[in-house]
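First up is the structure itself, then whatever we jot down about it.
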Amino acid sequence: MVKKRLLLFFAKDTISTPIVHDLIKEFDLLINIFRAKITPEEEGYLAIDLKGEEESIKKAVIHMTKNGVQVNENFKGVQWEKDHCTACGNCIPHCPTKALYIKDVVTQEVDFDGGLCIGCLSCIANCPFGACSSIF
Amino acid sequence: MKTYEEINAKIESKKAVVLNAEEVIDYVDKKGLEAAAKEVDVVTTATFGPMCSSGCFLNFGHSKPKMRITEGWIDDVLVYSGVAAVDIFLGATQLRHNDPANMYYPGEFRFGGGHVMEKLVAGEKCQLFGLSYGTDDYPRREIRTWFTIDDLNQAIMVNPRNCYQNYNIAINCSDKPIYTYLGHLKPGLKNLTYCSAGQLSPLLNDPLYETIGVGTSIWLAGAKGLVYAEGTQHASKCDRGVNDVPTEGAGTLGLTGDMKKMTPEFVRGVSLKGYGISLAVGVGIPIPILNADILHRTTVRDRDIVAPVIDYAHDYGERTGKVISTLNYEQLKAGEVTVLGRKVEVGSLSSYTKALKIANLLKDEITRGEFLLSKPSQRLPLNQGMKTLEIRKR
Ligand code: SF4
Ligand code: SF4
């Protein structure tokens, strides 16, 4: 069993595809949805955890792509703009997973590890410079 | 012993030895103080952090027909127009018109004066809306127009207070979250915020104001600026530790510079949730190494600079003067500290990364012979206290 976190994007014409149903029924995956959103333009975002056999997850990703769903394995919905970040460090104690972290104790440089981000949005409220944003 | 003239002559002939306030520490350790003092000409210091006491004077030039602006807004941010006809003052903390502030607590404070300043320096278009009662010589009564900084005659930044010598570390001992100018502090001492560039900070490297004074040339967000006065709340009469380094707020500087020559990276609007708007500006200040004593003071290390931990849920607001404990900047930069026996996560509002970048940019300018030092015309007050405001019946 492996766990994979994905961000799915549904364009307007794919929004009614019953993708989650397929993931469970056809690929025998355990699904945990932690964020979902439909925009006024009728586009959809879904942040999910998939749990199951590695092979099934691979097949599921192919299935989703075939059905017009954009699957993003790196971007979890929260964006950190490096050029906009001043490395002030105000977000650091507010990020529960250390996705935002001090890369170098000497220079106090800040970096972002998207793989650790759970999309709690705490950095968005706590970044004084607007360097963090989210699609949710 | 060196003089300003000798150092400037070396800078002009591109032979000056310049180090930033971080690298000078090891350099002096290795070379020895006396030998290093002969070699090193300038040490560059810097800081980048929010400073609410900021703003700018803008001159718009005259419309046709002319107008004496008596009320004005830039991008819906109220400006002060109680000066000459087309001069205005824009303050960094001014909120945009209709901002709900803390009505829906904690407010977001997305846009205000600091952001307008950021837009101006970035060369973006802004909207001016002005009203007037109209006079015989200034007949126009209303104006709405779009402009960039290039359309203005002058855009002069003023920071009546900047470069705080040292600063409080804010913590929250209460059981509710609080929102302060030092950020969002979780209840029960979960996190704290400090705000200083520590060993790179200008006035921590010149704790007795021996070289930084009124008239000192500075690097202000990429432009050549100057120290025009002691900063507001300059309180040099304070507790001092190793090397006379203050262990609390202490001295401040009043700075000014030409916004038209500034770099957008170093002029940034600040939104502090639940608190308000501010402006972060990058400042670099060169310290001439006139003698070994001055050099010695620039070798101050993070671990030798301590700051007071203060409860912003109670003691700060109520002015009790209570200090919970003290921490040094080396401890703070490690990311986790212990206060009252509890593990506390560290946040900051001052960027050491940017400060280091600025110290190096200034170092490069001096090395290339493009930035000369100036001898201050006045020393900053050395033994000055700070008054409080008494509430009187009459
Ligand atoms: S959204 Fe949450 S987990 Fe992700 S970077 Fe921001 S604070 Fe960290
Ligand atoms: S609070 Fe914003 S600007 Fe500061 S380090 Fe975090 S992401 Fe960067």
Side-chain angles (χ1 to χ4, degrees), chain A residues 34-35 37-41 45 47 76-136, chain B residues 22 48-50 106 108-111 114-115 118 177 179 181-186 190-195 197-200 264-266 268-280 282 302 329-330 332-337 344-357:
Chain A
F34 60 98
R35 270 184 195 280
K37 172 186 170 173
I38 296 182
T39 70
E41 291 76 35
Y45 295 91
K76 305 287 161 21
V78 170
Q79 212 162 356
W80 171 75
E81 275 178 68
K82 190 178 196 320
D83 289 345
H84 225 71
C85 171
T86 65
C88 68
N90 192 48
C91 57
I92 302 297
H94 297 285
C95 176
T97 62
K98 301 218 174 350
L100 283 158
Y101 66 103
I102 306 265
K103 191 164 81 177
D104 182 336
V105 182
V106 177
T107 64
Q108 296 281 299
E109 250 172 283
V110 170
D111 208 349
F112 176 63
D113 179 349
L116 293 175
C117 175
I118 52 165
C120 73
L121 310 189
S122 164
C123 55
I124 292 162
N126 286 292
C127 176
F129 296 96
C132 303
S133 57
S134 165
I135 54 166
F136 293 109
Chain B
E22 184 187 274
F48 179 92
E108 290 191 29
F109 302 96
R110 291 220 185 144
F111 191 88
H115 299 94
E118 174 177 329
Y179 299 88
Y181 66 82
L182 284 170
H184 165 199
L185 300 168
K186 297 182 239 185
K190 295 247 173 28
N191 66 315
L192 57 73
T193 312
Y194 72 96
C195 191
Q199 63 193 12
L200 272 181
E265 181 183 352
F266 302 107
R268 304 287 298 274
V270 168
S271 292
L272 289 160
K273 186 177 175 169
Y275 180 77
I277 305 288
S278 189
L279 182 79
D302 279 337
Y329 288 98
E330 190 176 280
L332 291 164
K333 278 162 110 183
E336 195 180 84
V337 292
V344 185
E345 282 193 87
V346 177
S348 149
L349 271 174
S350 175
S351 170
Y352 191 85
T353 309
K354 283 258 185 275
L356 196 56
K357 189 168 178 183

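The analysis underlying the following values was restricted to heavy atoms, covering all of them including side chains, and did not include hydrogens, waters or symmetry mates. All values derive from a computational prediction rather than experimental measurement. To find a chain, count down the sequence lines: A is the first, B the second, and so on, and within it residues start at 1.
The contact between Ile92(A) and chain B is made by backbone and side chain atoms together, counting heavy-atom distances below 4.5 Å. Contact of Leu349(B) with chain A is made through backbone and side chain together, with heavy-atom distances under 4.5 Å. No part of Glu265(B) comes within reach of chain A, as not one of its non-hydrogen atoms sits under 4.5 angstrom from that chain. Only the backbone of Cys85(A) comes within less than 4.5 Å of a heavy atom in chain B; its side chain stays farther off. Only the side chain of Lys186(B) comes within contact range of chain A, with heavy atoms under 4.5 Å apart. In this structure, chain A has no heavy atom under 4.5 Å from any part of Tyr329(B). For Val346(B), the part lying near chain A is the backbone, with the side chain staying farther off; criterion is any non-hydrogen pair under 4.5 Å. Within the 4.5 angstrom heavy-atom criterion, no atom of Phe266(B) approaches chain A.
Considering every non-hydrogen atom in both Thr107(A) and Thr353(B), the closest pair reads O-OG1, 2.8 Å. The shortest non-hydrogen separation linking Pro93(A) to Asn191(B) is CB-CB, 3.7 Å. For the residue pair Ser351(B) and Thr86(A), the shortest heavy atom distance occurs at OG-O, 2.5 Å. For the residue pair Arg268(B) and His84(A), the shortest heavy atom distance occurs at NH2-O, 2.6 Å. Scanning all heavy atoms of the two residues, the minimum distance from Val106(A) to Tyr352(B) falls at O-CE2, 3.4 Å.
For the set Ala125(A), Gly130(A), Cys127(A), the count of heavy-atom pairs under 4.5 angstrom toward chain B peaks at Ala125(A).
In the displayed structure, Leu116(A) atom CG is contacted under 6.0 Å by more than 12 heavy atoms of other residues, nucleotides or ligands. Within 6.0 Å of the NZ atom in Lys37(A), the count of heavy atoms belonging to other residues, nucleotides or ligands exceeds 12.
Inspection of non-hydrogen atoms places Lys273(B), Ala280(B) of residues 273-280 of chain B under 4.5 Å from chain A.
Here the side chain of Ser348(B) pairs no donor or acceptor atom with the backbone of Asn90(A) at under 3.5 angstrom. Remark: side-chain polar atoms of His94(A) are paired, donor with acceptor, to backbone N or O of His184(B) under 3.5 angstrom.
Within the structure, salt bridge (Lys or Arg N to Asp or Glu O under 4.0 Å) contacts touching residues 77-89 of chain A (residues at least two apart or in different chains) do not occur.
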